[in-house]
Amino acid sequence: MRIKKLPQFSFFTMMIVVLVILLWAANLRVSDYKKYHRLLAENATANVSESISQFIINRKRLMQILAKDNVDLIQQVLNKPENQTLAATLESKIKNYFPTFFSYTISDVDGNPYYDDFEGYVGDLCVADIKSYSKDKNNLPRIHPNSFSYHYDLMADFQIGKQHYVIFISFTADEIATYLKNSQAPGHKTVLVYKENQNLLEITTDGARNKYFREDYRLTDKELSYLLSEKPVPGSSWTVYDFYKDKLFSDFEEKMLVSALLVFLVFSFVSALFYSLVKKEEVKRKKAEAIKEEFVTIVSHELRTPLTSINGAIKLLENGHLGNTLDEMKPYINMASENIDRLSNLVNDILDVKKMESGEFDIIREKINLVDVVEQAITNVEPFASRFDANIDFDKPEKKYFVDADKLRLLQVFENLLSNAIKYGAESDTIKVNFLELGNSIRVNIEDHGEGIPEIHHETLFDKFTQAHSRKTDVVKGTGLGLNIAKTIIQFHGGEVNFESTINRGTVFYIILPLI
């Protein structure tokens with residue numbers, strides 16, 4: 001299997017993604033803005049509806065109190081309706097209760113007024129409402145046009161002796177407009193509408209509809225398209241409508257879009273600047289990579305051949321094939337042999353790291369018994385262990401554990417971990433090797449009893465050219481690449497390599513591989 005590099009993420013794709021995210025965020029802000037204003041409208045219509053309804057109830061109750069407290073005066077007015085002094089006195093009493101009332105009258109139980117309204121304050125619509133109330137006691141106020149003032153009527157029945165009467169008082173629309181004005185949110189328009197009469201506009205925040213001119217006071221379809229919330233006013237003919245003003249949402253949408261584009265432009269400029277810097281660094285990196293590739297090539301082709309020749313000559317001297325050597329020369333020959341081996345290992349490790357980084361690291365998988373691989377690795381490092389007077393205690397399982405893996409690469413990993421355990425273990429240490437089943441995986445433990453790995457090295461131990469320190473590392477130097485290579489090989493096999501360490505007690509390196 002050949003490991004390939006992942007393609008780099010496109011800069012322009014990233015910019016498109018950022019733009020989409022910004023537009024999505026702007027759209028979300030607009031959606032939240034609309035929800036917020038709908039909530040404002042719902043609260044406004046609910047508050048106005050409740051307030052006006054309670055206001056009407058209180059007005060009617062106060063009208064009954066007025067009638068009850070002035071029974072004698074009302075009786076005199078009814079007996080002498082042409083008496084202007086009595087009428088003026090009653091009007092004065094009414095003003096004490098309702099300082100801003102528009103007009104009043106008193107009718108019998110059938111809705112017939114007891115005296116004429118010569119001034120014209122009580123119009124035909126008012127009389128019609130009185131007669132309707134007299135029949136079903138249903139008083140649903142609405143706006144009545146009048147040359148003096150647009151007004152609404154409230155009625156309450158009362159009793160003098162056994163006779164029933166109706167007191168009728170008209171009020172200007174301005175006091176109702178106050179409730180609309182107090183609840184209207186910025187960017188909104190709150191009005192009262194006579195919905196059953198083709199959405200006839202009744203009262204705005206300025207007062208009755210005649211406060212501003214329009215040819216038709218019935219709301220158009222376009223106006224109704226701006227409606228956010230509506231609520232009927234109990235005890236009246238009115239419905240509270242709350243509209244959003246023209247361009248409230250479109251202006252906000254435009255603002256969010258412009259903001260998103262400005263953020264995108266700033267982000268694009270900064271990103272382009274960094275992208276340019278990164279590209280320059282990429283050029284430098286590629287030059288460095290080329291130099292490194294050239295160096296690795298030199299190592300591969302120019303160093304390996306002479307190293308092989310030198311190693312062969314040293315081995316001949318070391319084994320006495322070129323004749324007897326003086327005893328005083330043997331330590332130097334051994335030293336040269338060890339350093340030749342170390343240099344050869346370094347060359348091989350560098351070549352492996354280069355292959356891994358370039359995606360040219362080949363793994364030839366086959367079904368193998370992991371127990372045999374570990375046993376072979378132990379056999380291979382026994383000469384190395386004898387140099388340190390170390391023993392390897394292998395708790396060989398009777399069961400076979402099969403994995404899909406590259407045998408030579410796994411041997412490389414286990415030999416590296418065993419060599420490290422020998423180097424960093426205690427004096428004359430016994431290295432323990434055992435297997436542990438983990439469901440569909442197998443764990444191999446390699447335990448030494450040395451100084452342990454200080455916590456400061458835990459995070460970087462598997463990095464390239466990293467080595468922990470030990471008293472015995474002066475004897476045999478490593479390349480600092482073994483653990484990094486081992487980790488990469490095990491990861492290519494879908495496994496895990498890690499360690500557990502306790503200072504002055506030792507370290508357990510373990511490998512986990514999936515079973516087949």
Side-chain angles (χ1 to χ4, degrees), residues 28-62 98 100 102 125 129 138-145 149-155 170-214 216-253 255-256:
L28 189 63
R29 286 287 307 277
V30 171
S31 177
D32 290 342
Y33 187 75
K34 289 180 178 179
K35 289 179 182 178
Y36 167 73
H37 279 279
R38 286 193 184 94
L39 183 60
L40 285 180
E42 290 171 3
N43 289 336
T45 53
N47 289 337
V48 171
S49 173
E50 182 180 354
S51 298
I52 295 177
S53 178
Q54 193 60 47
F55 175 77
I56 291 172
I57 292 171
N58 292 337
R59 274 281 167 94
K60 290 180 178 180
R61 186 182 296 119
L62 193 57
F98 308 108
T100 59
F102 174 64
L125 287 177
D129 283 350
N138 192 18
N139 176 207
L140 300 177
R142 54 178 175 159
I143 291 297
H144 292 172
S149 176
Y150 279 40
H151 58 273
Y152 66 96
D153 305 331
L154 295 180
M155 287 161 271
S170 297
F171 301 92
T172 60
D174 291 345
E175 54 193 7
I176 297 293
T178 301
Y179 291 102
L180 301 174
K181 186 180 297 184
N182 291 339
S183 296
Q184 180 173 276
H188 289 237
K189 183 167 64 174
T190 308
V191 298
L192 286 184
V193 173
Y194 191 1
K195 188 175 182 179
E196 283 69 22
N197 190 7
Q198 298 179 335
N199 290 306
L200 178 64
L201 183 63
E202 292 274 86
I203 303 175
T204 71
T205 55
D206 297 323
R209 59 177 174 263
N210 65 322
K211 291 291 183 178
Y212 68 99
F213 174 78
R214 54 186 285 173
D216 188 350
Y217 287 99
R218 289 172 177 81
L219 298 176
T220 64
D221 290 339
K222 182 180 180 180
E223 288 175 312
L224 292 172
S225 68
Y226 290 88
L227 181 62
L228 288 175
S229 178
E230 61 178 278
K231 189 82 172 178
V233 179
S236 77
S237 301
W238 298 318
T239 300
V240 188
Y241 279 6
D242 190 291
F243 301 93
Y244 66 89
K245 291 184 178 179
D246 189 28
K247 296 186 178 181
L248 174 66
F249 294 144
S250 60
D251 285 350
F252 188 78
E253 288 176 355
K255 179 181 177 182
M256 288 299 100

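Owing to the predicted nature of the structure, the values given are computational and were not obtained by experimental measurement.
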Practice problem: Answer with yes or no after comparing the ring centroid distance for Phe102 and His151 against a 6.0 Å cut-off, counting only values under it. | Solution: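 Ring centroids of Phe102 and His151 are less than 6.0 Å from each other.
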Hey, are the side chains of [X] and [Y] touching, using non-hydrogen atoms and a 4.5 Å cut-off?
{"X": "Lys211", "Y": "Asp174", "result": "yes"}
{"X": "Ser236", "Y": "Tyr152", "result": "no"}
{"X": "Phe55", "Y": "Ile176", "result": "yes"}
{"X": "Ile52", "Y": "Leu192", "result": "yes"}
{"X": "Tyr194", "Y": "Asn199", "result": "no"}
{"X": "Val193", "Y": "Leu200", "result": "no"}
{"X": "Ile143", "Y": "Arg209", "result": "yes"}
{"X": "Glu253", "Y": "Lys34", "result": "yes"}

Heavy-atom closest pair, residues [X] and [Y]:
{"X": "Leu248", "Y": "Gly187", "answer": "CD2-O, 3.6 Å"}
{"X": "Ser53", "Y": "Pro234", "answer": "OG-O, 3.2 Å"}
{"X": "Pro232", "Y": "Ser49", "answer": "O-OG, 2.6 Å"}
{"X": "Leu140", "Y": "Gly235", "answer": "CD2-C, 3.6 Å"}

Practice problem: Determine the interplanar angle of the His188 and His37 rings, folded into 0 to 90°, and report it as parallel if under 30°, tilted if 30 to 60°, perpendicular if over 60°. | Solution: parallel
Exercise. For the residue pair Phe243 and Tyr241, categorise the inter-ring angle as parallel (less than 30°), tilted (30 to 60°) or perpendicular (more than 60°).
Key: perpendicular
Quiz item: NZ of Lys60: more than 12 outside heavy atoms within 6.0 angstrom?
Solution: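 Check passes, neighbour count above 12.
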Quiz item: Would the number of heavy atoms belonging to other residues, nucleotides or ligands and lying under 6.0 Å from CZ of Arg59 be above 12?
Solution: yes
Quiz item: Quick one: side-chain hydrogen bond (donor to acceptor under 3.5 Å, both in side chains) pairs with a partner in residues 219-230, sequence neighbours left out?
Solution: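 Qualifying pairs: Thr45-Ser229, Lys195-Glu230, Arg214-Glu223, Thr220-Glu223, Tyr226-Asp246.
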Quiz item: Under the side-chain contact (heavy atoms from CB on, under 4.5 Å) criterion, do Arg29 and Phe252 qualify, and how do the steps go?
Solution: CA-CA 9 Å; Arg29 286 287 307 277; Phe252 188 78; 4.0 Å; yes
How long is the span from the [atom1] atom in [X] to the [atom2] atom in [Y], to the nearest 0.5 Å?
{"X": "Ser149", "Y": "Asn210", "atom1": "OG", "atom2": "CG", "answer": "7.0 Å"}
{"X": "Asp129", "Y": "Ser237", "atom1": "CG", "atom2": "OG", "answer": "8.0 Å"}
{"X": "Tyr33", "Y": "Leu28", "atom1": "OH", "atom2": "CG", "answer": "15.5 Å"}
{"X": "His144", "Y": "Asp153", "atom1": "NE2", "atom2": "CG", "answer": "4.5 Å"}
{"X": "Leu154", "Y": "Asn58", "atom1": "CG", "atom2": "CG", "answer": "11.0 Å"}
{"X": "Gln184", "Y": "Thr204", "atom1": "CD", "atom2": "OG1", "answer": "8.5 Å"}

Self-check item: Carboxylate-amine/guanidinium contact Arg142 Glu202, below 4.0 Å
Solution: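 Answer for the salt bridge query: no.
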Quiz item: Checking side-chain contact (heavy atoms from CB on, under 4.5 Å) for the pair Thr190/Lys181: CA distance, chi angles, key distance, verdict?
Solution: CA-CA 8 Å; Thr190 308; Lys181 186 180 297 184; over 6 Å; no
Exercise. Please lay out, stage by stage, how Asn47 and Ser183 fare under the test side-chain hydrogen bond (donor to acceptor under 3.5 Å, both in side chains).
Key: CA-CA 7 Å; Asn47 289 337; Ser183 296; 4.9 Å; no
Practice problem: Apply the test side-chain contact (heavy atoms from CB on, under 4.5 Å) to residues Leu227 and Asp242: give CA-CA distance (whole Å), side-chain angles for both, the deciding distance (0.1 Å), then the verdict. | Solution: CA-CA 6 Å; Leu227 181 62; Asp242 190 291; 5.6 Å; no
